[in-house]
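In what follows, a single structure is set out as structure tokens and then discussed.
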Amino acid sequence: MNVRRSAAALAAIAVVGAAAAPAVAASPSPSPSVAKPSGLFGSGDPTYDGVWRQSLALLAQHTVGVEPAAKAVDWLTGQQCANGAFAAFRADPAKACDAKVMVDTNSTAAAVQALAALGGHDAQTGKAVTWLKSVQNKDGGWGYTPGGASDANSTSVVVGALTAVGQKPDAVRKDGKSPHDALLKLALPCADGGAFAFQPDKAGKLAANADATAAGVLGALGEGLVAGPAAKTAAPACSDGARTPAQAAANGAAYLAQAVKKDGHLVSALPGATDQPDYGNTADAVVALAAQGGAEQARQPLAWLEKNAAGWARQSGPAAYAQLIFAAHATGTDPRRFGGQDLVAQLNATGPAPQTKATAQEGTGKDKKDDDSPFGVWWFVGVCLVAGIGIGFLVSGRRKGPQL
């Protein structure tokens, strides 16, 4: 899940023609056209992916037990508009959102998943989910922007947001249709591999899309960006039987398993460029395969990523490191020893230094000021006196010893 589908088309313009660039960089512009806020992860231009990459970075840190920097979290919450929506990036958060601000479902849903995981942000996530529900399409799904045709990727990331706040996606309906109804309409039959399409073309036809399939599998399972391995290991198999979300997920996983079978990775082609490995979507496929059929089903693409993804992640930035951490988490792999790389340290280095236990305590008021309380110094002195008396009795007893 790179810059994020619809925005990726804009971001890709910056990388087409770069001789050895990876398929789609998570932070595509090498030189930002806007001033980079101090709380933001990554050094690339945040115009198209600021909230997205920040959300993934914070979510990844939380997943591995790292406490994000307070200013990083504050930057993300400060990007929210009054109506609850998030745009990809707002250079001036102090300025109220107006009709010119391009809010989108993907940034909003990703922010919800990150803030819900961190906890303590119910007001922000509540407003965001209310906005997402207000722009749900009549087919039960979501497009990238409000009013846009539903697509598998946007619908799935919103499903993850609903799950993150404890809501059942299938119960969130518009005109009687749920997100799962929208996803099932985008699922292809087994004759076409069982994949998900991104959305119908102008003629209404569906075409298999690996990126949409990885997202669609998670959406059909009701999972978010972070997913663990399925409880039961089962090789994915395609079936045109009952059209249920679970079967659609299995069909999609079967497509992904076949797609990575030859080389261990998915392939991407940008306009004007030759086919090349798609690192980000391969990482997403690992998460989808593990979530649907267990970690063993994702071993081949995971091994390929461990061997080959280091350079891509360094060039692409925080969202890429987050994707690899999600892949490691989904398969029970140590992200601090991922193909000889410490993904956690590398992610942390792209943004504000995470909190330590000491700074976390300071943030909750547990600092030196506590010594000024009535139970500070004098309580400590009292404990020492009592302890001293006890030690005196103990020493006295030992001196007396047994009487022979």
Side-chain angles (χ1 to χ4, degrees), residues 1-6 8 22-24 26 52 56 59 106 109-110 113 141 144 151-160 163 179-180 182-184 186-188 192-199 206-230 236 238 245-261 263-269 277-295 297-302 304-305 309 312 316 319-320 322-331:
M1 298 179 185
N2 298 318
V3 179
R4 202 14 89 166
R5 289 67 197 192
S6 298
V24 177
W52 178 259
L56 265 65
L59 188 56
N106 289 226
Q113 293 189 48
Y144 183 80
D151 65 74
N153 304 84
S154 299
T155 299
S156 295
V157 74
V158 174
V159 165
T163 300
H180 285 156
L183 288 173
L184 288 175
L186 295 170
L188 279 75
D192 296 316
F196 284 86
F198 175 72
Q199 61 185 190
L206 301 178
N209 182 297
D211 181 20
T213 301
V217 169
L218 293 177
L221 293 173
E223 297 281 3
L225 295 167
V226 178
C238 197
Q247 187 58 58
N251 292 356
Y255 173 87
L256 292 173
Q258 186 62 35
V260 301
K261 186 175 182 179
D263 299 315
H265 62 81
L266 297 176
V267 175
S268 176
D278 193 324
Y279 300 84
N281 287 338
T282 299
D284 295 344
V286 167
V287 178
L289 287 168
Q292 194 281 324
Q297 306 308 318
R299 290 300 173 192
Q300 184 185 6
L302 178 73
W304 184 86
L305 287 171
W312 165 75
S316 301
Q323 287 176 272
L324 294 178
I325 288 173
F326 298 156
H329 174 78
T331 54

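For the single chain, residues carry numbers from 1 onward in sequence order.
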Smallest heavy-atom separation, Ala187 atom then Leu206 atom, equals O-CD1, 4.3 Å
I'd like to check Pro277 versus Trp304 (side-chain heavy atoms, cut-off strictly below 4.5 Å). Are they in contact?
yes
State, to 0.1 Å, how close Pro236 and Ala257 come at their nearest heavy-atom pair, and which atoms those are.
CG-CB, 4.1 Å
Beyond-backbone contact of Phe326 with Leu56, side-chain heavy atoms, under 4.5 angstrom:
yes
Between CG of Leu225 and CH2 of Trp52, what distance do you get to the nearest 0.5 Å?
5.0 Å
d(Asp151 CG, Asn106 CG) to nearest 0.5 Å is 7.0 Å
Nearest 0.5 angstrom please: His180 NE2 to Leu221 CG, how far?
8.0 Å
Could you check whether any side-chain N or O of His265 sits under 3.5 Å from a backbone N or O of Ala283, counting only pairs where one atom can act as donor and the other as acceptor?
no
Without swapping roles, check the side chain of Thr163 against the backbone of Gly222 for a donor-acceptor pair under 3.5 Å.
yes
Closest heavy-atom contact between Ala291 and Leu218?
CB-CD2, 3.8 Å
To the nearest 0.5 Å, tell me how far Leu266 CG sits from Asn281 CG.
6.0 Å
With a 4.5 Å heavy-atom cut-off, do Gln113 and Val226 have their side chains touching?
no
Side-chain donor or acceptor of Gln323 paired with backbone N/O of Gly280 under 3.5 Å
yes
Identify the two heavy atoms, one from Leu188 and one from Ala208, that lie closest to each other, and give their separation to 0.1 Å.
CD2-N, 3.8 Å
Taking all heavy atoms of Ala298 and all of Leu289, pick out the closest pair and write down the distance.
CB-CB, 4.0 Å
What heavy-atom pair brings Pro301 and Thr282 nearest, and what distance separates the two atoms?
CB-CG2, 4.0 Å
Does any N or O in the side chain of Thr213 come within less than 3.5 Å of the main-chain N or O of Phe196, such that one atom is a donor and the other an acceptor?
yes
